[in-house]
*Asks:* 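Structure in structure tokens, see below.
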Amino acid sequence: MRNCDSKKLRPNLIPKTLVPENQETPIHLVSGDIISDKLFYRRNHFPYPSFTSSFYFLPIEGQVHISKVFSLQEIYSMPAKTIKVVLECSGDKRELFKPKVYGEQWGKGAISQGIWKGVSLKTLLQYTGLLDNAKEIVFEGYDNGRRPDSNKLYNFSRSLPIEKALDPDTIIAYEYNNHPISFKHGFPLRLIVPGWYAMASVKWIKKIIIIDKEFKGPFQDIDYVYYPNQENDNGKVPVTTINVNSTIQYPLNMQLLHSGVYEIKGIAWTGEGQITMVEISIDGGQTWNKCKLTSSFEKHSWIRWNYTWNALKKGEYTIKSKAADSKGNVQPLEPIWNRKGYGYNAIDHIKVKIE
Ligand SMILES: Nc1nc2c(c(=O)[nH]1)N[C@H]1C(S)=C(S)[C@@H](COP(=O)(O)O)O[C@H]1N2
Ligand SMILES: [Mo]
């Protein structure tokens, strides 16, 4: 009976702020590898933009041989690429930093995954060419507003170095899970940058500008930068690739359970290379056991894992998960603290009690 009921119930997003809209995915309650549009987390810096999509054109200009303006029909008719991609906000798990940091207090659900279809940016740039002095490519979004640190109006803009921009997997996407991208996630065109934290994946692209220097917009040079120190900006480093990470989806933190056999399960992901191992500890990290990886590897997607636990003895348990990738990265015991709280990837943990 219970099972039957729970099949009818669907989880919702977890609200953080409403304007601009910031809501997280109920990551503990999703199964499988494809997050529906409805349960995809939402992260916005500004209110949603308004523009008339029936008059939409995409300009590419700057350090190019010929500037071009593409219609959507032209873009839809080019050779397409379809990729399953994990998008993770660099602020995912921010609420876990100690000492705490300012910013959206994301739990573990500023992450989602699904299938994006679009045209490689590289393909589009073949129509314009790049001048020899081209250094970065700037993507400007339609959304704008004021930041807490300035009275100026800014659009959400970000850049990529040429090398990452020309990676065939960097796409200008127009479909998500076989449907046109929904408005909230970037309709009609959204940049998708697999392997990088999701601030790089600019929604509602207004134009693309090739520049001959480093882009210094505030979402590049003030935000999305690791600041190792509380008091000053020394040692600042831009946020780029996703850190190796894992999240326990079941059991839930602080859950009460009867003694029995349980499938501990979760996801693990990394920005470069692939997940090679996930280990589980049920004794707070003293001993570790290898998990079964239950989904097959795809270059830009998370992997699912599980571990069968014979929970026979009553008591309190701290369960931990630790992922490692093919580049030699392993989740650290402690996160690397930084003032704006990006890139949290410490070993995940939950507590449960067997009664
Ligand atoms: N135009 C625009 N693009 C954007 C943002 C934004 O505020 N405006 N937020 C970025 C950040 S920080 C993240 S984490 C992702 C969130 O994408 P989603 O709302 O589709 O989940 O979009 C990125 N692209
Ligand atoms: Mo983000």
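Just follow the structure's listing: the first ligand is 1, and inside any ligand the first atom is 1.
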*Asks:* How far is atom 2 (C) of ligand 1 from its nearest protein heavy atom, and which residue and atom name does that atom have?
*Replies:*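 Going atom by atom, the protein heavy atom closest to atom 2 (C) of ligand 1 ends up being Phe156 CD2, 3.2 Å.
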*Asks:* For atom 7 (O) of ligand 1, what is the nearest protein heavy atom, given as residue, atom name and distance?
*Replies:*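 Result for atom 7 (O) of ligand 1: His45 ND1, 2.7 Å.
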*Asks:* Think Arg147 forms a cation-pi with Phe219, using NZ or CZ under 6.0 Å from the six-ring centre and within 45 degrees of its axis?
*Replies:*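 The answer is yes, since Arg147 meets both limits relative to Phe219.
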*Asks:* For ligand 1, indicate whether the residue Phe46 contacts it via side chain, backbone, both or neither (heavy-atom separation under 4.0 Å).
*Replies:*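 For Phe46, there is no contact with ligand 1 at all, from either part.
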*Asks:* Assess, by modelled atom type and distance only, whether the side chains of Glu136 and Ser159 contain a donor and an acceptor separated by less than 3.5 Å.
*Replies:*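 Result is yes, a qualifying pair exists.
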*Asks:* Any salt bridge linking Glu355 with Lys314? Criterion: basic side-chain nitrogen under 4.0 Å from a carboxylate oxygen.
*Replies:*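 A salt bridge is absent here (no side-chain N lies under 4.0 Å from a carboxylate O).
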*Asks:* Does any N or O atom in Asn44 lie less than 3.5 angstrom from one in ligand 1, N or O only?
*Replies:*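 No; the residue has no nitrogen or oxygen that sits under 3.5 Å from a nitrogen or oxygen of the ligand.
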*Asks:* Any Lys/Arg nitrogen of Arg42 or Glu21 sitting under 4.0 Å from an Asp/Glu carboxylate oxygen of the other?
*Replies:*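 A salt bridge is present here (some side-chain N lies under 4.0 Å from a carboxylate O).
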*Asks:* What is the closest protein heavy atom to atom 20 (O) of ligand 1, and at what distance does it sit?
*Replies:*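 Looking at atom 20 (O) of ligand 1, the protein heavy atom closest to it is His185 ND1, 2.6 Å.
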*Asks:* Could you tell me which atoms of ligand 1, counted from 1 in the order shown, lie closer than 4.0 angstrom to a heavy atom of Arg42?
*Replies:*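 In order of number, 19 (O), 21 (O).
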*Asks:* Which bit of Phe40 is near ligand 1, meaning a heavy atom under 4.0 Å away: side chain, backbone, both or neither?
*Replies:*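 Side chain only.
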*Asks:* Any idea which of Glu140, Arg43, Met199 brings a heavy atom closest to atom 16 (C) of ligand 1?
*Replies:*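 Considering heavy atoms of Glu140, Arg43, Met199, the nearest to atom 16 (C) of ligand 1 sits in Arg43.
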*Asks:* For ligand 1, find out whether one of its N or O atoms is nearer than 3.5 Å to an N or O atom of Trp204.
*Replies:*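 In fact, backbone or side chain, Trp204 has no N or O that close.
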*Asks:* Which residue holds the protein heavy atom closest to atom 13 (C) of ligand 1, what is that atom called, and what is the gap in Å?
*Replies:*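 Heavy-atom neighbour on the protein nearest atom 13 (C) of ligand 1: Ala198 O, 3.6 Å.
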*Asks:* Compute whether any side-chain donor of one residue and acceptor of the other, for Asp348 and Ser246, lie under 3.5 angstrom apart.
*Replies:*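 Checked: Asp348/Ser246 side chains show no N/O donor-acceptor pair below 3.5 Å.
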*Asks:* Does at least one non-hydrogen atom of Arg190 fall below 4.0 angstrom from an atom of ligand 1?
*Replies:*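 Judged by the 4.0 Å heavy-atom criterion, Arg190 does count as contacting ligand 1.
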*Asks:* Going by the angle between their ring planes, with limits at 30° and 60°, are Tyr76 and Tyr174 parallel, tilted or perpendicular?
*Replies:*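 Because their plane-to-plane angle is over 60°, the rings of Tyr76 and Tyr174 count as perpendicular.
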*Asks:* With heavy atoms only and a cut-off of under 4.0 Å, state how Tyr224 meets ligand 1: side chain, backbone, both or neither.
*Replies:*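 Only the side chain of Tyr224 comes within reach of ligand 1.
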*Asks:* Under a 3.5 Å cutoff, is there a donor and acceptor pairing between the side chains of Thr276 and Ser326?
*Replies:*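 Short answer, no.
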*Asks:* With under 30° as parallel and over 60° as perpendicular, where do the rings of Tyr226 and Tyr342 fit, or are they tilted in between?
*Replies:*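 Plane angle over 60°, so perpendicular.
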*Asks:* For Lys108 and Ile350, which heavy atoms make the closest approach, and how far apart are they?
*Replies:*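 Taking Lys108 first and Ile350 second, the nearest heavy atoms are NZ-CG2, 4.4 Å.
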*Asks:* Using 30° and 60° as the class limits, which term best fits the ring planes of Tyr142 and Tyr56: parallel, tilted or perpendicular?
*Replies:*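 Plane angle between 30° and 60°, so tilted.
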*Asks:* Counting from 1, what ligand 1 atoms have a heavy atom of Ser201 closer than 4.0 Å?
*Replies:*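 With Ser201 as reference, the close atoms of ligand 1 come out as 22 (O), 23 (C), 24 (N).
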*Asks:* Pick one of side chain, backbone, both or neither for how Glu21 approaches ligand 1, counting any non-hydrogen atom pair under 4.0 Å.
*Replies:*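 Contact part for Glu21 vs ligand 1: neither.
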*Asks:* Around atom 19 (O) of ligand 1, find the nearest protein heavy atom and jot down its residue, atom name and distance.
*Replies:*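 For atom 19 (O) of ligand 1, the nearest protein heavy atom comes out as Lys203 NZ, 2.6 Å.
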*Asks:* Between the side chains of Lys327 and Asp325, is the shortest nitrogen-to-carboxylate-oxygen separation below 4.0 Å, so that they form an ion pair?
*Replies:*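 No.
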*Asks:* What atoms in ligand 1 come closer than 4.0 Å to a heavy atom of Cys89?
*Replies:*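 With Cys89 as reference, the close atoms of ligand 1 come out as 14 (S).
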*Asks:* If you have a sec, work out which protein heavy atom is nearest atom 21 (O) of ligand 1 and how many Å separate them, to one decimal?
*Replies:*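 The answer is Tyr41 O, 2.6 Å.
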*Asks:* List the closest protein heavy-atom neighbour of atom 8 (N) of ligand 1: residue, atom name, distance to the nearest 0.1 Å.
*Replies:*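 Of every protein heavy atom, Asp143 OD2, 2.6 Å lies nearest to atom 8 (N) of ligand 1.
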